[in-house]
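One structure is given below, encoded as structure tokens.
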Amino acid sequence: MDSLESRLGRIIVVTGSFGSGKSEFSLNLALRLAAGAPAASAREVALVDLDIVNPYFRTREARALLESHGVRAVVPPGDLAYADLPIYGPGVAALIRNPAVRLVLDVGGDEMGATALGGLAPDLEGFDYDGIMVVNPYRPFTRTARAIAAMAAGIQERSRLALRWLESNPNLGPHTTLDVVRRGHAVVVEAARLLGLPVLGLTVRRRFLDEWQVDLATELQVPVMPLEIYLSPPWLEQTLD
Amino acid sequence: MSEPILMKGNEAVAEAAIAAGCRYFFGYPITPQSEVLEQLARRLPEVGGAYVQAESEVSAINMVFGAASAGARVMTASSSPGISLMQEGISYIASAQLPAVLVNIMRGAPGLGGIHPSQADYFQSVKGGGHGDYRLVVLAPSSVQELIDHTVLAFELAEKYRTPVMVFGDAMMGQMMEPVVLPDTEPYPVHRPWATTGMKGGRGPNIVHTLYLPADKLEQHCQRLFAKYAEIERNEQRSVQYLTEDADIVVVAFGIMSRVARAAVEMAREHGIRAGLFRPVTLWPFPAAALREAASQARLVMAAEISMGQMVEDVRLAIQGRVPVTLFNRIGLVPNPDEIFERIRKEAREVQLVNG
């Protein structure tokens, strides 16, 4: 089976409802792209933090990590990175036009967050891009296939951009089990059917994959992306009763 | 029990309020608690309730005052500067003996501060905040599940004692995501024969007020309030202990800081230092007797807070000078466990619990 990233072009737009895991997914994807073979003419990977909704656990928290792996992190400059202002880093439009840059745009939560992307829609016009909605069916507003489809419609309307893929991210954080992943993934597959979109891949925490030793890619016929958690401190899970 | 789901702290507060029978919410948005409002704006109409975004926090708290007087189970939520604006109303609600739940998802301060996690509103809510002689029950959850459980408990205590109850969180707890199960138990019953629900041609008028012009009436009123507070102090002190039985160093921390402190205590134990954690769950009434007992064998007590040192004063009052009390504190962030562990190790050397 193809790897998840080989299905994607130069410009990748990651969206999803608030708390869907899109920022962790974007980070992991950007790091994988930077570590893998350079695609087409792209010489550099850049991750743009467009999350104007959620002021915490944002891509900008991982700036040092990204830069140490050769990923350019485009975040609001200076003190503004710590603010709850509807702003994003400079030069995004130029990056969209630059054929040497493989671009991951991490767009803020739900329909409101996607409004930020709407501002970029004119810049993206004429460029081919992969719109991905990350879905965790264990989050309150995306628990059923119908709710996921409604969320996708809202995001597309607000952002004025089209989705091409759903990324399945079924998890209950540290309480994730193999059964949780299987049941949740089935909900995402059903949502994808309703929307007429393919499922790009299945995201599962690396430590669970190591523990379970199950070939989910073959079983579920979907590329599996092992995920590392970067935006939440490890002690939080260690002290969860 | 319902199915487990993954929730952010702010969403969890909102859903817990609905599960506890709250149908009315008045508030004003502020980072980092705006999702409480957003969630309730979406959800309350679905369950036959009402959400009103007031023109200010001053207005919101007075709407809470009015709704509680009229018999409604009601809540508001804000973050530090917004809670400051509500203080006058909180004093009125306490004086009028009204059940109401207040949620403070604290942010960096003083002044406009920032949107960082903080615990620096301890003095404000635990020691007063508004004018006059009153007390506020203050609950300090430390996980998203506890935000749910304590929000439900807050409605119960408010109803039982006819008094405002505050739930304390911080920017990190409001925003972090953890697996939770929502309660499916029946809400604590609303029984308010004193409420201003209309005479219906039967009884005399119910009047909710806070004005006592004759001096003796005001004194009697305060005596009645404080008899009730004494009962709350007797019945409602709550705390959790972790490895305190044989602890030489007892760390005292609440809320998110207690999670960090617990990880630090585990690191200390791995290094042969007998450390333990005492976690106040009610900040008022402060579990002073339980702390004194937990620290009876200790050589040192260390308060750990995200403030310049506020709870440490209650720790000192509880310990009564029997054991030295020290403070670990940071501002603007939730520290990592190794910072507290290093401090425990340094203190352990100084009180000669370990060599080197």
Side-chain angles (χ1 to χ4, degrees), chain A residues 17-24 51-58 61 79-86 109-113 135-144 147 150-151 154 169-177 179-180 183-184 187 229 231-241, chain B residues 3-12 14-15 29-32 34-35 38-39 42-43 79 107-108 114-117 142-146 170-182 240 242 256 258-267 277 332-338 340-341:
Chain A
S17 68
F18 179 62
S20 59
K22 69 196 167 314
S23 288
E24 295 282 13
D51 194 340
I52 62 155
V53 166
N54 175 14
Y56 304 88
F57 305 106
R58 291 183 289 198
E61 317 276 334
D79 288 357
L80 294 175
Y82 302 96
D84 53 344
L85 299 170
D110 61 38
E111 301 96 321
M112 282 191 300
V135 181
N136 181 358
Y138 295 96
R139 290 280 295 141
F141 294 109
T142 48
R143 293 178 75 181
T144 63
M151 180 67 74
N169 182 29
N171 76 89
L172 282 172
H175 293 179
T176 305
T177 62
D179 181 53
V180 161
R183 281 189 296 127
V187 175
I229 296 290
L231 296 175
S232 180
W235 57 263
L236 210 48
E237 285 194 2
Q238 286 157 18
T239 59
L240 181 66
D241 288 315
Chain B
E3 288 275 295
I5 52 171
L6 204 55
M7 284 191 122
K8 299 221 169 202
N10 286 336
E11 297 167 340
E15 282 302 321
I30 179 172
T31 304
S34 296
E35 298 83 11
E38 285 167 9
Q39 178 98 348
R42 195 153 24 174
R43 289 278 289 123
S79 178
R107 58 182 261 172
I115 61 171
H116 335 86
S142 70
S143 65
V144 179
Q145 183 67 57
E146 279 193 350
D170 65 88
M172 186 166 183
M173 286 187 52
Q175 300 291 333
M176 70 192 195
M177 213 160 46
E178 289 185 333
V180 296
V181 176
L182 288 166
V240 173
Y242 179 66
I256 194 69
S258 70
R259 300 272 292 270
V260 186
R262 190 171 113 184
V265 160
E266 283 166 6
M267 290 170 79
L277 170 68
L333 51 82
V334 180
N336 279 319
D338 47 347
I340 300 184
F341 163 65

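Chain A is the first sequence line, chain B the second, and so forth, proteins listed ahead of strands; every chain is numbered from 1. Just so it is clear, the structure is predicted and the values come from calculations on it, not from any experiment.
Side-chain contact between B/E266 and A/Q238 is absent, with no heavy atoms from C-beta onward closer than 4.5 Å. Side-chain contact between A/T239 and B/V260: absent, with no pair of heavy atoms (C-beta onward) separated by less than 4.5 Å. Using a 4.5 Å heavy-atom threshold, the side chains of A/P140 and B/E11 count as touching.
For B/V144, no part lies near chain A; criterion is any non-hydrogen pair under 4.5 Å. Interface remark: B/Q39 contributes side-chain atoms only to the contact with chain A (heavy atom separation under 4.5 Å). Looking at A/N136, only its side chain comes within 4.5 Å of chain B, counting heavy atoms on both sides.
Sorted by first and then second residue, the salt bridge (Lys or Arg N to Asp or Glu O under 4.0 Å) pairs involving residues 231-241 of chain A (not counting sequence neighbours) are A/R205-A/E237, A/R207-A/E237, A/D241-B/R262.
Listed by chain and residue number, B/R259 satisfy the side-chain hydrogen bond (donor to acceptor under 3.5 Å, both in side chains) test with B/E178 (two or more places apart in sequence, or in another chain).
Pairing each heavy atom of A/W235 with each of B/P337, the nearest pair is CD1-CD, 3.2 Å. Taking every heavy atom of both residues into account, A/R139 and B/K8 meet most closely at NH1-N, 3.6 Å. For the pair B/I5 and A/Y138, the tightest heavy-atom approach, listed with the atom from each and the gap, is CB-O, 3.4 Å.
Rounding to the nearest 0.5 Å places OG of A/S20 at 8.0 Å from CE of B/M177. Atom CD of B/E3 and atom CG of A/L172 lie 9.0 Å apart (nearest 0.5 Å).
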